[in-house]
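So you know, we letter chains A, B, ... as the sequences are listed, proteins then strands, and number each from 1.
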2 protein chains.
Amino acid sequence: MQVVPLCYNVTMVENAHHDEVGPQGRTSTSWGPVARRSTHELVIDAIEEQIMSGALAVGDLLPPERELAARLQVSRTGVREAIRVLEAHGVLRSEVGSGRGAGTFVAALPTAALERFLRLHVALANFPVHDVLETRLLLERGSAALAAERAEADALDTLTGLLEQMDQPGLSREAFNDADTEFHVAIARAGGNALFAEMTGAIRASLRAPILEAFTQVEDWESVSAQLQSQHHEILSALRAGDAEEAARLTDAHIRFAVESLPGLGAAPRADGD
Amino acid sequence: MQVVPLCYNVTMVENAHHDEVGPQGRTSTSWGPVARRSTHELVIDAIEEQIMSGALAVGDLLPPERELAARLQVSRTGVREAIRVLEAHGVLRSEVGSGRGAGTFVAALPTAALERFLRLHVALANFPVHDVLETRLLLERGSAALAAERAEADALDTLTGLLEQMDQPGLSREAFNDADTEFHVAIARAGGNALFAEMTGAIRASLRAPILEAFTQVEDWESVSAQLQSQHHEILSALRAGDAEEAARLTDAHIRFAVESLPGLGAAPRADGD
DNA sequence: TCTCTCGTGTGGTCGGACCACAACGTGGTG
DNA sequence: CACCACGTTGTGGTCCGACCACACGAGAGA
């Protein structure tokens, strides 16, 4: 028997209760609304509580959907929708099958979640491109400084390899962009700050389409890419030298140059004049 | 800087690669798997495509779930799970009823989404507190500088009001923290960068529990809170004066002071095995 | 001992039914 | 004509039960 309860306190809102709406009696006392939460949100809260309390850690297995539904006294549908939400946040992951690798696990997959989040909100113009670029500048300047101090040898080797890729002549603009993205993300990773790295990657992913569009409009591509590459090499030199200040300064200049060289990115940031 | 190396323990479950060895006969040559996507993911892609192409903008109404299911030739369940995912990202919002305000709309609600994302991944130790604090320092330094240049009069009034709240004697530590959070987020908002502001708010939300825990362990609370408040007033003065550099410097010092004053935040990040 | 097969448990998908809710049309009533 | 009560309608919310695809693992068979 010995079943560890996953959660007791899911107090379902009984749907068929109308008793508080009496006939026109006094209703103006301080009866604040009760924040009606839907079923799947209650399930999310239950799972989230387990995570926040530390009862569920990365790698742990959740009960089967059917069992969870039975324990929480909700339908399997509600449980599945809750799992979808946490899965969308990169916190859960489901695998079909039986035995070892099957079931729903606590995972650590923030990358795809953050990328989709930022990509969509940038596309909806909720986060203006100008603001995203400002954030990018801040993050990568910080990452460069950290990387100059902390970067390991193999991280520097990775960066060197990426520069060699971009040094190949005749590289397509898309391939250049992808390698360039990897280069910048690798620097962020080398800095050792996981949040910097994830944010940097997500920002680049959210700007991929606009950047590629801007690339196609660059007239003297050979010249621009050569200058970008030259700046990359300088940045890498500063990282090798462990010069944090110089690495940050070069990165700052590099990103500003890139933005100014790409039409449509930094052109119309916000419609004011001050 | 005592920095934990952060092995970044991602126990990612890789998709099992089964090299298809046919039961009999030769193995298939280059028949790479087709990236099996589940139904709800296909629906997500369909909706996301509309958003990315600009066909769906904030405020637009989606077709009813039943109609969408019929058009996409999937079950209503799949559509609903997809809507849940986009809703979790703050991109969609569903309202019951009929007519005007009913249905599923494209929304712009990144706040709750980013807060839950960060809160969960911080709780799972996927993003170490140290890294989050480092990001906070970077963002708020930048926000302060921007706010010094761009802040409107009413934004400064809001900040003044929050400082008056915190100046009240006998304020509970929780109330102080909430007002303090509002103060810092308001500065970020005054800077005019939406992403800065959202990130700042999400970071504060993700650290709320650890901060409150640390607050209870502060011995000389009156002294610490008085110093924090004094720094707040100095920052606000710099903002009023429009001195970006000074505002950034003061904010930097303020946050470092706060972290060093609170036990358990910057001191012992969680040293495990290695 | 090894190999094959089939049972079993997992998430994935589906269709249908019913509920709660909010707007709107309709009709009655002043 | 103006107003109001009420039923209609269409929306998302919830639940159920069934079946599928999949992968492990125990047991039968060689």
Check your understanding: Closer to the 5' end of DNA chain D via nearest nucleotide, is it B:Ser94 or A:Arg100?
Key -> B:Ser94
Over how many whole Å does the gap from [X] atom [atom1] to [N] atom [atom2] extend?
{"X": "A:Ile83", "N": "C:dG11", "atom1": "CD1", "atom2": "P", "answer": "7 Å"}
{"X": "B:Arg84", "N": "D:dG12", "atom1": "CZ", "atom2": "P", "answer": "10 Å"}
{"X": "B:Leu62", "N": "D:dG12", "atom1": "CG", "atom2": "C1'", "answer": "13 Å"}
{"X": "A:Arg76", "N": "C:dG11", "atom1": "CZ", "atom2": "P", "answer": "7 Å"}
{"X": "A:Glu65", "N": "D:dG17", "atom1": "CD", "atom2": "P", "answer": "17 Å"}
{"X": "B:Gln73", "N": "C:dC14", "atom1": "CD", "atom2": "C1'", "answer": "13 Å"}
{"X": "A:Arg37", "N": "D:dT14", "atom1": "CZ", "atom2": "P", "answer": "12 Å"}
{"X": "A:Leu42", "N": "D:dG13", "atom1": "CG", "atom2": "C1'", "answer": "12 Å"}

Could you tell me whether [X] contacts a base, only the sugar-phosphate backbone, or nothing, with contacts defined as non-hydrogen atoms closer than 4.0 Å?
{"X": "A:Thr77", "answer": "base"}
{"X": "B:Thr39", "answer": "sugar-phosphate"}
{"X": "B:Arg93", "answer": "nothing"}
{"X": "B:Gly103", "answer": "sugar-phosphate"}

Check your understanding: Which of these nucleotides, D:dG12, C:dG11, D:dC24, is closest to any side-chain atom of B:Arg80?
Key ->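 So the nucleotide nearest the side chain must be D:dG12.
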Check your understanding: Given D:dC24, D:dT11, D:dT14, which nucleotide is nearest the side-chain atoms of B:Pro64?
Key -> D:dT11
Review point. When you look for runs of 3 or more Watson-Crick or G-U pairs in a row, both distances below 3.5 Å, which of them include DNA chain D?
Key: C:1-30 with D:1-30
**Study point:** Counterpart residues, side-chain hydrogen bond (donor to acceptor under 3.5 Å, both in side chains), relative to A:Glu81 (two or more places apart)
**Key:**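 So A:Glu81 forms a side-chain hydrogen bond (donor to acceptor under 3.5 Å, both in side chains) with B:Arg80, B:Arg84.
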**Study point:** A:Arg66 (side chain) and C:dG9 (base): donor-acceptor pair under 3.5 Å
**Key:** no
Practice item. Taking only the side-chain nitrogens and oxygens of B:Ser75, find out if one of them lies under 4.0 Å from OP1 or OP2 of C:dC14. Key: yes
Point to revise | Distance below 4.0 Å between B:Ser98 side-chain N/O and C:dC21 OP1 or OP2 | key: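 Answer no for this pair, as no side-chain N or O of B:Ser98 is under 4.0 Å from OP1 or OP2.
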What I'd like to find out is whether the side chain of [X] reaches to under 4.5 Å of the side chain of [Y], using heavy atoms alone.
{"X": "B:Ile44", "Y": "A:Arg116", "answer": "yes"}
{"X": "A:Leu162", "Y": "A:Gln165", "answer": "yes"}
{"X": "B:Arg93", "Y": "B:Thr104", "answer": "no"}
{"X": "A:Ile187", "Y": "A:Glu140", "answer": "no"}

Check your understanding: Salt bridge between B:Arg208 and B:Glu174, side-chain N to carboxylate O under 4.0 Å?
Key -> yes
Practice item. Please lay out, stage by stage, how A:Thr111 and A:Glu198 fare under the test side-chain hydrogen bond (donor to acceptor under 3.5 Å, both in side chains). Key: CA-CA 6 Å; A:Thr111 308; A:Glu198 292 295 338; 2.9 Å; yes
Exercise for review: Go through the steps for B:Glu41 and B:Ser38 under the test side-chain hydrogen bond (donor to acceptor under 3.5 Å, both in side chains), then give the verdict.
Suggested key: CA-CA 5 Å; B:Glu41 281 178 299; B:Ser38 58; 3.0 Å; yes
